[in-house]
Every structure is written in C-alpha cells, then in structure tokens.
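These notes concern the structure reproduced below.
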Amino acid sequence: MDRIRIKQIIAGARIGQLLVVCGWIRSKRESKGVAFIALSDGSTQDTLQLVVPSESAAFNQLHACSTGAAVRVTGTLRESPGKGQKYELEVSGIEVLGTADPETYPLQKKGHSLEFLRDIGHLRPRTNTFGAVFRVRNVLAGAVHNFFQERDFMWVHTPVITSSDCEGAGDLFTVTSLDLDRLPAGSNGSTDFSRDFFGKRAYLTVSGQLEAEFLAMSLGDVYTFGPAFRAENSNTSRHLSEFWMIEPEMAFADIIDDMKLAEDFIHYLCSKVAAECETEIAFFEKFYKNTSLKALGTLSEKPFVRISYTDAVKELGRAKKKFEYPVEWGLDLQSEHERYLTDTVFRGPVIVVDYPRDIKAFYMRQNPDNRTVAAMDVLLPKVGEIIGGSQREERLDVLEQRMEEMEIPHEHMQWYLDLRRYGSAPHAGFGLGFERLVQYITGMPNIRDVIPCPRAPQLIRF
RNA sequence: UCCCGGGUAGCUCAGCUGGCAGAGCGGAUGGCUGUUAACCAUCUUGUCGGGGGUUCGAAUCCCUCCCCGGGAGCCA
C-alpha cells in the first residue's frame, strides 16, 4: 500500500479508509488505556494525531516511539472527538524505521531559540518554524517562475563562474584550481593567473545582470533566478555570502516599466503566499508577530508610493526626527532614512527613483538633468531595500564617457559595449534578493533562518 | 570591519559587592488521565567558551583570543 501525505489527509474525504502514513514523531502522550502521538511528515504545517489503543499490537512498540523517531504507521482515519484537530488515525500497526535516542536527540517537545537551532542546521527543518519557512520559500520560488512565465519572460541561466570583476557590487570570491601552497609568481609579488584553469582570474558571480542584458537584447524579456556570491565581511541579519537573486531584464523598456514590473511582482508574490500558505502565515503571525495574512493581503493590492530621490531628501529635511547621519542632496540614503520613509511617513512600501548619478553604478541611464540617473530602489518597512534596479545606459558615447569618469577599464567590457554598437535599444531591469523577500513575508528576524544552509563570514557548517 | 550586549546542566536562564555551582524545562522510573508544549511524585545533569594573570581562594576582578546576538557600514 502506498503511503499518503498528511497534507492530503488534512484535505479531507478519507474518513473510514485504511491508510499508511510515514513521518517523524513530534510528541507522545501515554496512558494505560491509550496513547497519542503527534506525527509530522513535512508536507504541511499540521501534525497528524495517532491514537494507539492499548489493545492494539502497536501499543507494545511505543517505547521506541520517542520524539524524533521515524515510523511507518497503518491505521484507519477517524473524525477526532478531541479539540485541536479534525482527524486522527486509529493505529493498528507501527513500524519503527529509525529510533531517536531521547537522551541525545537535541529537539525537545518544547520550543527552541533560533540561535540554538542554527547549531543543528541538519535537524531544524523538523521544527514547526523551519518547516513553515521552507514551505513558504518553495511556494515563493514557484510563484517567481509563474509570474514571469505568465508574462512570457524567458528564464535564462547566467554563469556562476565569471571573469567579470566590474559588476559594481562588493568583494568577490576567487575561483581557482591552482595549488594554494605553491602559487605561480607573477610580476611584483602577485599571482600569475594565466597559469590558472581559465587562463585568467575567475570569480563567483555577484550578479547575472550584465549577461542578462545581452540575453534581453536578443530574446526580449528574460529573468535569472539563481545564486549570487558576495565576499563582503557583512555581519548582519540581512546579509548572506551566498544568496539567491532574481533579475528580470526587459528590452524596449524604461524606468517606468521597471517600477511597474517590480510592483506587480511583489503584489503577485504576496497574493500567492496569502492564498497557498494560510496555515504557515497564521503560524508566523502567532509566534513571531512580524507578519500576518491581513498585512499580506494589503501588500498584494496597495499601490506603492513613488517618490523621487530629490523629493525624498526634502521630505527627510522636514522631519522632526533627529537623524544620526546628515540628509543632504548627493549623499546616499542611510538605513535610518529609508526606515523613516517606509515606517513613519508612508507606512508601506516606497519606490525611490532618480538618484544622484555619483552614488550609483556606471551602467545606469543618465537623466536629461545631467546629475541623476534612472535608478530605483524598492524599500519595504523593517527589511529596507529589497529591490535595486535601473534603466540601463543604451547610448554608447554616454556609457563610454561614464566608464572613463569612473575609471572602469574598457578592455574586458567590449562585449558589453558591443550591445550599444549593434542594435542598441532602451532596456531596464532590477535585482531582488530572494531571501530578503522570504524574510519579509515570513517575518523571520534573521536572514540566516530563511535558507537551509546559510553562508556568512565564519559560517559554513552544514 | 566598527560600537554595544552576551557565552554557567541537553535547552532557557539565575548566581557576578571574590568564599560549598542553582532553578525551570527536558530525559529516566512509577502513578494517573481521550490526551493537546498533559498532569503528580521521585531520580538524573557541569571543561561556569579557550588561554593567561591577580588572590589563601575566581563562574565572579584584569588581559587576550574564539564564538553568538543587537545596531552600523557595504548591499540584495
């Protein structure tokens, strides 16, 4: 007989049927006449209540059924007379597949701190919290593809290993097959990377954007969804060294189209999670209080406030609040400024657009005022920046001049400049940090708790 | 990387004006009950983060290193 998932049982219409269920024991309550077991199989937030009557042969095996043990159970589904669950399985047979020594099994019936669970990363998906996080993460990942596929964006696979070191974002991890104990010497004490695997220095990608641009400039609308790597020494609840990024890129599009896409995207994802992860969100609402179905519902409809950088600076200048960092046109907005805009002034997501060109990347399109670029950031309450995007500079002369001003060497960028030489066209895109989205929607305080195997400075266990 | 706050039993934490290392939870055993993080009784648990120093004596004071958390910077 095939096993059935608890998720399907909860969905209903199986009362009276003989079923086989496999899973891990969460808790057990024993008495003389009857025992109760809460069983989880990861398919859903809910546990299945197993009822083991003392006359059942399974009753003698209860000793091995401690918290954490894996079992295969046969029984008849009944309507539950008790509170807290609709169904329960009246057990006729239990096969203990794997015991879990209660003296050493680290998960208790009680709740654990998120910090402790990080130390047992291989077992934490068995908890309510992490089961919920990873189910929401899965629904979000599926929704990302649905959103773009429904709009005829093509999923493109940009490289993980790259030779491009001028993508603008932080420090890079070097990828090498050289013997690190005997590095070939180059000039003035450096390493000779011409002897390395690729014949030149290679890195883990920090972004697929530049590659996505050339794919957009032939396929039209594309998106990437894959890992990115940053070697920055960032120790915060919002940064990972390895994270997943979504980067749509649209040909024949401007910054207005870009903002529209970003807003539609967030709306879509929130509505999908609200519809498909009701129990998970209800769980987060109850135990972490940083998210709610109601808030998700609002987020999936409410239009985002749009404000120019220049007006945002004016708004901050009017603020009664004392800021630690100065507010002045030309300086980048600090976390406290962004938070003031999202949490106090507009009380919701805000898109800030048209930033000073001197604080933004070389590829962003210069506006007619000659001092701002068509760049936009989507800011969310509490989490801060979740999306950074721009219209790309499609004019060859303007781009070349900008690269010179910012001292970016042209030689490795000829292919990028070619896109402006041959059939150039307006195009725009953005990058969204997937974990920050999961973090925002689940309300998890630390980004290390929304990815199965977090990588950060000094952290690469599991 | 910088600024704060921490590291004591398997977990959460108290003890910190230097003087016998504690509680709750968990776990084990027994009892009881269609139970819901069940309940009652008994029992169980230590490299006080590592190293060095001050002292008759250090979990407690000093130095140093490691790790964790919060905030900042960098960014998504």
Side-chain angles (χ1 to χ4, degrees), chain A residues 26-38 46-54 63 66-68 78 80-85 88 90 100-120 123 127-128 167-171 206-209 224 227-247 262 287 323-325 332-339 359-361 377-380 383-389 430-440 445-451 456-459 461:
Chain A
R26 281 282 177 77
S27 69
K28 177 179 63 173
R29 294 175 292 277
E30 260 180 295
S31 67
K32 231 181 233 166
V34 64
F36 299 95
I37 290 174
D46 299 302
T47 55
L48 179 67
Q49 171 153 283
L50 308 178
V51 183
V52 188
S54 56
H63 186 75
S66 56
T67 301
R78 308 280 188 214
S80 178
K83 282 181 201 151
Q85 64 281 316
E88 61 187 26
E90 191 183 305
D101 182 359
E103 293 278 350
T104 55
Y105 186 65
L107 292 173
Q108 308 173 355
K109 277 193 251 183
K110 271 210 124 181
H112 290 289
S113 69
L114 296 171
E115 291 82 1
F116 170 67
L117 292 173
R118 257 171 243 156
D119 287 337
I120 48 167
L123 294 173
T127 63
N128 277 327
E167 283 162 347
D171 296 333
V206 296
S207 160
Q209 183 201 312
T224 72
F229 307 86
R230 305 275 167 93
E232 280 289 311
N233 192 10
S234 295
N235 292 288
T236 81
S237 55
R238 303 183 307 283
H239 289 86
L240 291 167
S241 307
E242 176 182 301
F243 63 100
W244 285 62
M245 192 151 59
I246 297 145
E247 296 178 288
F287 286 97
F323 293 116
E324 194 183 337
Y325 290 87
D332 207 354
L333 300 180
Q334 303 292 314
S335 292
E336 56 172 347
H337 305 142
E338 296 180 348
R339 213 173 305 122
I359 58 171
K360 288 292 180 183
D377 284 356
V378 178
L379 311 178
L380 294 182
V383 173
E385 182 182 342
I386 193 166
I387 284 178
F430 62 76
L432 176 144
F434 187 56
E435 282 76 17
R436 285 193 183 167
L437 181 77
V438 180
Q439 206 186 342
Y440 184 69
N446 196 310
I447 200 165
R448 297 173 186 196
D449 298 328
V450 299
I451 187 167
Q458 302 302 315
L459 182 68
R461 273 186 85 191

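Protein chains get the first letters and strands the later ones, always in sequence-line order, with residue 1 at the start of each.
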Strictly under 4.0 angstrom, non-hydrogen atoms only: write out the protein contact profile of nucleotides 26-31 of chain B, one letter per nucleotide from the 5' end, B, S or -.
SSSS--
Quick one: label [X] by what it contacts on the DNA or RNA (base, sugar-phosphate, nothing), any heavy atom closer than 4.0 Å.
X      : answer
A:Y325 : sugar-phosphate
A:E88  : base
A:E324 : nothing
A:R339 : sugar-phosphate
A:G84  : nothing
A:N446 : sugar-phosphate
A:I246 : nothing
A:S113 : sugar-phosphate
A:Q334 : sugar-phosphate

Write down the partner of [N] under the Watson-Crick or G-U wobble criteria, each distance required to be under 3.5 Å.
N     : value
B:G57 : none
B:C74 : none
B:A37 : none
B:U42 : B:A28
B:C48 : none
B:U12 : B:A23

Mind calculating the distance between [atom1] ([X]) and [atom2] ([N]) to the nearest angstrom?
X      : N     : atom1 : atom2 : answer
A:R118 : B:G70 : CZ    : P     : 7 Å
A:I447 : B:C75 : CD1   : P     : 16 Å
A:D171 : B:A76 : CG    : C1'   : 15 Å
A:I359 : B:C74 : CD1   : C1'   : 14 Å
A:I451 : B:A76 : CD1   : P     : 17 Å

Under 4.0 Å between a side-chain N or O of [X] and OP1 or OP2 of [N]?
X      : N     : value
A:R448 : B:G69 : yes
A:R29  : B:U36 : no
A:R238 : B:A72 : yes
A:T236 : B:G71 : no

Tell me whether the side-chain N or O atoms of [X] pair up with the base of [N] as donor and acceptor below 3.5 Å, since no angle test is needed here.
X      : N     : result
A:S234 : B:C74 : yes
A:H239 : B:C75 : yes
A:E336 : B:G71 : no
A:R436 : B:C75 : yes

Distance check, [atom1] atoms only: [N] and [M], in whole angstrom units.
N     : M     : atom1 : result
B:A37 : B:G46 : P     : 31 Å
B:C67 : B:C40 : P     : 43 Å
B:A9  : B:A59 : C1'   : 14 Å
B:A58 : B:C25 : C1'   : 29 Å
B:C63 : B:U54 : P     : 15 Å

Can you tell me if A:F36 is stacked onto the base of B:G34, using a 5.5 Å centroid cut-off and an angle below 30°?
no
Does a side-chain heavy-atom distance below 4.5 Å link [X] with [Y]?
X      : Y      : value
A:L117 : A:L107 : yes
A:I447 : A:R436 : yes
A:R118 : A:N446 : yes
A:T67  : A:K28  : no

Under the side-chain contact (heavy atoms from CB on, under 4.5 Å) test, residues paired with A:A35 that sit two or more places apart
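A:A35 satisfies side-chain contact (heavy atoms from CB on, under 4.5 Å) with A:E30, A:V52, A:F59, A:L62 only.
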Going by side-chain contact (heavy atoms from CB on, under 4.5 Å), name the residues that satisfy it together with A:Q49, two or more places apart in sequence or in a different chain.
A:R29, A:F36, A:V51, A:S80, A:Q85, A:E88
Return whichever of A:S80 or A:D332 has its heavy-atom-nearest nucleotide of RNA chain B closer to the 5' end.
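Final value for this comparison: A:S80.
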If you assign A:F116 and A:L432 each to the RNA chain B nucleotide with the nearest heavy atom, which residue ends up on the more 5' nucleotide?
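Upstream on the strand: A:F116.
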For the atom pair [atom1] ([X]) and [atom2] ([Y]), what is the distance rounded to the nearest 0.5 Å?
X      : Y      : atom1 : atom2 : answer
A:L432 : A:F434 : CG    : CZ    : 9.0 Å
A:I387 : A:L379 : CD1   : CG    : 10.5 Å
A:N233 : A:R230 : CG    : CZ    : 15.0 Å

Which nucleotide sits closest to the side chain of A:H112: B:U1, B:C11, B:G34?
B:C11
Please answer whether the main-chain N or O of A:Y325 pairs with a side-chain N or O of A:E336 as donor and acceptor at a distance below 3.5 Å.
yes
